[in-house]
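The analysis underlying the following values was restricted to heavy atoms, covering all of them including side chains, and did not include hydrogens, waters or symmetry mates. Naming convention: chains lettered A, B, ... in sequence-line order (proteins, then strands); numbering from 1 in each chain.
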Amino acid sequence: MSDTTANPALSADKPAKVETPFQRFRAEFFESKIATVALAIFVIIVLLAVLAPWITPQNPYDLGQVSVMDGRLPPGSEAFDGYTMWLGSDGAGRDLYSAILYGLRISLTVGLASGVIALLIGMAIGLVAAYAGGRIEAIIMRIVDLQLSFPASLVALMMVAALGKGVDKIILALVIAQWAYYARTVRATALVERSKEYVEAAQCLGISRFRIVFRHILPNCMAPLIVVGTVQTASAISLEATLSFLGVGLPQTEPSIGVLIANGFEYMLSGRYWISVFPGLALLLTVVSINLVGDHLRDVLNPRLKK
Amino acid sequence: MTVFIIRRLLQAMLVVFMMSVIVFFGVNIVGDPVYMLVSPDADQADIEAAISRLGLDRPILEQYWLFLKGAAQGDLGDSFIFGEPALKLILHHMPATMELAFSALMLAIVIGIPLGLYAGLYPDSRVSKGIMAASIFGFSLPTFWVGLMLIMLFAVELRWVPATGRGDLGSFLGIESSIFTSDGLSHIFLPALNLALLKISLAIRLTRAGVREAMGQDYVKYARAKGLSTRRIILVHVMKNIMIPVVTVMGLEFGSLIGFSVVTETIFAWPGMGKLLIDAILQLDRPVVVAYLMIIVLFFVLINLIIDILYSILDPRVRLQDQGA
Amino acid sequence: MRKLTTATAVALGVLAIGASAVSAEKLTIGLASEPTSLDPHFHNLGPNNAMSVHIFDRLIAQDEKQRLSPGLAVSWMPVDDLTWEFKLREGVKFHDGSDFNADDVVCTMARAPDVPNSPSGYGTYLKGKEVIKIDDYTVHFKTAAPYPLMGNDISTIPVISEQGCNSTTEEFNAGTAAIGTGPFKFQSYTPGESIVLVRNDDYWGDAAIWSEVEFRPITSGPSRVASLLAGDVDMITGVPTTDIATLRGNDQIQLSQGASNRVIYLHLDQFREDSPFVKANGGGDIKNPLLDVRVRKAISMAISRDAIVDRVMEGVAIPAGQLLPEGFFGVSDKLDVVAYDPDGAKALLAEAGYPDGFELTIHGPNDRYINDAKIAEAVAQMLTRIGIKTAVETMPRSVYFGRASRGAEGDLPEFSFILVGWGAGSGEASSPLKSLIHTFDKDAGFGSSNRGRHSDPETDALIEEALRTVDDAKRQELLAAATERAIENVAIIPTHFQVNTWASKKGLSYIARTDEYTLATGVVKE
């Protein structure tokens, strides 16, 4: 869930190359039905999350709209304010359909924000390491190795223990837990690129190091970064859910998907299956669709597996 | 070699020290442990007495200095909650976690590698696709959710195994563990399976990828050309080549199992150090949180060191030196 | 699924019978929270005190309703204004065979407030009391002022032997020093895993029916319920309210319930003109409306206790109109639960000058009381509906109590409107009155949990007088009067009394206790 080692092709420090233009890549990607469906599901999920305020009957964070009198209603019940709760309601009286969409907003924000920030930081550090070489590279990679030897779950747990609860804090914790994966990927790719002739040629032409790194090396790192990024984003979403379950993640009043499941966990034995099952399905769909897309991306982007 | 080890040990000390700074100051700004400890009947004077008894009235730097002084002598402080040395508490809870992580690792290897092998050999079969799809679920499902589902099915509905707790201890070769008694095994089965789930998926995927890559390699083609049976090719040649990386990666995952055991231990009331840690975090038992981290950092640094040394012994091409230097 | 259960139950029946027949008198209890030590004087905490009752007797016992009854003392009475005389039980033996006498009492009272490393000791109950041995079976407790609550205070102190007095907490945890006079003897203690006790066959009182009792901490609620359903344990404590309905429908399970001494209430900032979490509509500054008793009354009327009990607590709670449920010493028989009246509340708000309400934040813990975060949300919803737009912020108790007690500058309470609970450890009304209602007075130890800093000299006078009055009837009257006045002034807003639930397998039941203790002696066969 949390380690790139879950993706064997990635853990091997070998780069992937994009030899074909974007169109060929697109054609290859959509060859797989599963991946296409997964991507479609993910796009729908993102759309639902983004559009939540306009397509839900209730704003679950506005206490004026939530009533305990509506608590624990089974799917299809009518709410106090007149609309139908198609997925039922949770213990606090939140319409689960609304709560799930709003929860997805938070979960996706946490996953994507931590993913993007970790990617940027990891990329910068990886590039610096690869380009600077020598002692700086040695030190940086020593730190990266060290960090990677700790499970991301434990690093994140320690960080939230030290930082406390809250969306910003959990993003920070996830960034700290994940940047090293990106750094390692970028550095490995960049090392290979660095030794290629075009870089030597560029150096001979007197093109600045900065330009070489950003114009020539970086684009070549994008493919593996995207693959790592999808997997890490999925794992960040899962990890947030796990931390919330342990009681050290996000606050309960504005629940993410993880908090919804954690709250529903209390109801697992009570026969009110909908309180945990529907948010669970939403999380599962999100994470599985991202992972399926990432899985296929790796196959498409990794030339070694091509026939 | 000696120089290398000394250097790495010095590095390890530096890392442990840096971690101690981060965590010590980190946990000291969150919350107020005094109110977790005093009885509600306590008046203001009692509360202040408790604060000074815990040393919390001293400046944070002084607290840290006292901690360092103690740590240098192997004393990581006393638990606020239990009043006993934090180190002793953690060491006491360690065997339960170790046996859980070890059992999970075994399950992952025993279940994951055969499935991965099958999926790699017949990548286009329905069963393989099923295995691969299942493996995606394996690392997408939240551990805690699966944990309770396992309890519901195997303990509550089927009543095959107990739901929670650690069973009787047995002793074998001087090691005390619950995996040496049948009662213990029945208790450890569910939590180990729960913890192993992620790693089973990992083992499947690693093995499959390894097999797929190996099957395209020249040595397999040669072997085929020589007329060796498929069975022999797979069991002897392919397995030999993929087992080392797979088992190595799985071994490295041992650490991650210890990390994730926090969740499993909470659900299955497993008396390990993961449970101790999460309780300590929730109850602000700062000395235990800090001590746990110190020990874990040391543990991982040492494991890495041992792996590096082993590599150099096993593979003469690897020279012991700092990477890139 | 149900069919499956029956089938496997039959298939595995042999195994199950084999396992349970080994020791029919063994009882296994799944605990929601684990004691932190077996040293009875180490940590003044519910789970620790409950555990120590098994091994160590008190001079005075508390029954399931926290009424006092003779323990190791057969009688206690004031011999003059400043002296209480305790007559000790003769012929009682400790688990190691030594005799119990006045020396044990004297050394116990010396050790209890003074255990090294103790996070919270028993000094609170022994402050200002001097213990003097008169003869082997008589001791005197002397105080500087008349002190009616002597019996309640002394009933909290577990009595250990003289040998135990010189032992460390580690020796108690190891069992070597865990020697008391109680109905059970120490067998083994594995922190995080189990505590095993065996029956004391030479107990001076009624011998326990269980020859062996194992306590197993299972902190996760659903896991605890699952363990009971799976047959791992015979009884569990702290049944989550969410599971009560299902368990009630299960004919293999017996539920035991009882009101606790814990009231859940709201404290309102009554000492700051400019309260940090009260704002005018739109977020501007406003003079703290909570200072106005009409606003406080309106808030109380806007809260439907019935809705909280029915919807949030799933029926497992009692709506509260005062500080302790009926039946406790010192409660008033004149106070009813404040009726839910949103229209009246709105009218009262308008009368106070807030026809459009204001903005407020309620703060509460999310891991301390049963359904605490949900209650805070429900209260906020109800207030929002009468125009007081209320935001909710809940946090772990590790963060919450520190901030709620002294998070603002000058060690003042940080929040404006909070949800808290109070368990009356002494089992009578002076406990909440002294700590929650009396004006904050650090030196005298009054109002230590008065986080709203309510202050009313007349109530204070009633409370102080009650605390000096040894005559029970008169004290009851004073306590009731103080309670009535506090509720009239809306010093705090009580919402409900917690009801605790124990679940056991069929054939067993538990005598529910108001102090929330789980005692093996209270588990009876039906």
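Heavy atoms of Arg166(B) lying under 4.5 Å from chain C belong to its backbone as well as its side chain. Neither the backbone nor the side chain of Tyr400(C) comes within contact range of chain B; no heavy atom of the residue lies under 4.5 Å from a heavy atom of that chain. Contacts between Lys434(C) and chain B at a heavy-atom distance below 4.5 Å are absent for every atom of the residue. In this structure, chain B has heavy atoms under 4.5 Å from both the backbone and the side chain of Pro191(C). Using a 4.5 Å cut-off between heavy atoms, Phe446(C) makes no contact with chain B at all. If you measure heavy-atom distances from Asn173(C) to chain B, the contacts under 4.5 Å come from the side chain alone. Residue Asn44(C) touches chain B through both its backbone and its side chain, counting heavy-atom pairs closer than 4.5 Å. At a 4.5 Å heavy-atom cutoff, Ile278(B) makes no contact with chain C through either its backbone or its side chain. Contacts between Pro116(C) and chain B at a heavy-atom distance below 4.5 Å are absent for every atom of the residue. Only the side chain of Arg216(C) comes within contact range of chain B, with heavy atoms under 4.5 Å apart. Contacts of Phe82(B) with chain C are made by both backbone and side-chain atoms, with heavy-atom separations under 4.5 Å.
When Ser227(C), Ser435(C), Gly425(C), Gly407(C) are compared by the number of non-hydrogen pairs under 4.5 Å with chain B, Ser227(C) comes out ahead. Highest contact tally toward chain B, considering only Arg406(C), Glu170(C), Arg224(C), His43(C), is held by Arg406(C) [criterion: heavy-atom pairs under 4.5 Å].
By the 30° and 60° cut-offs, the orientation of the rings of Phe299(B) relative to Phe254(B) is tilted.
Within residues 288-297 of chain B, no residue has any heavy atom less than 4.5 Å from a heavy atom of chain C.
For the residue pair Asp168(B)/Thr181(B), the side-chain donor-acceptor check at 3.5 Å is not satisfied.
Between Leu229(C) and Leu247(C), the closest side-chain pair of non-hydrogen atoms falls below 4.5 Å.
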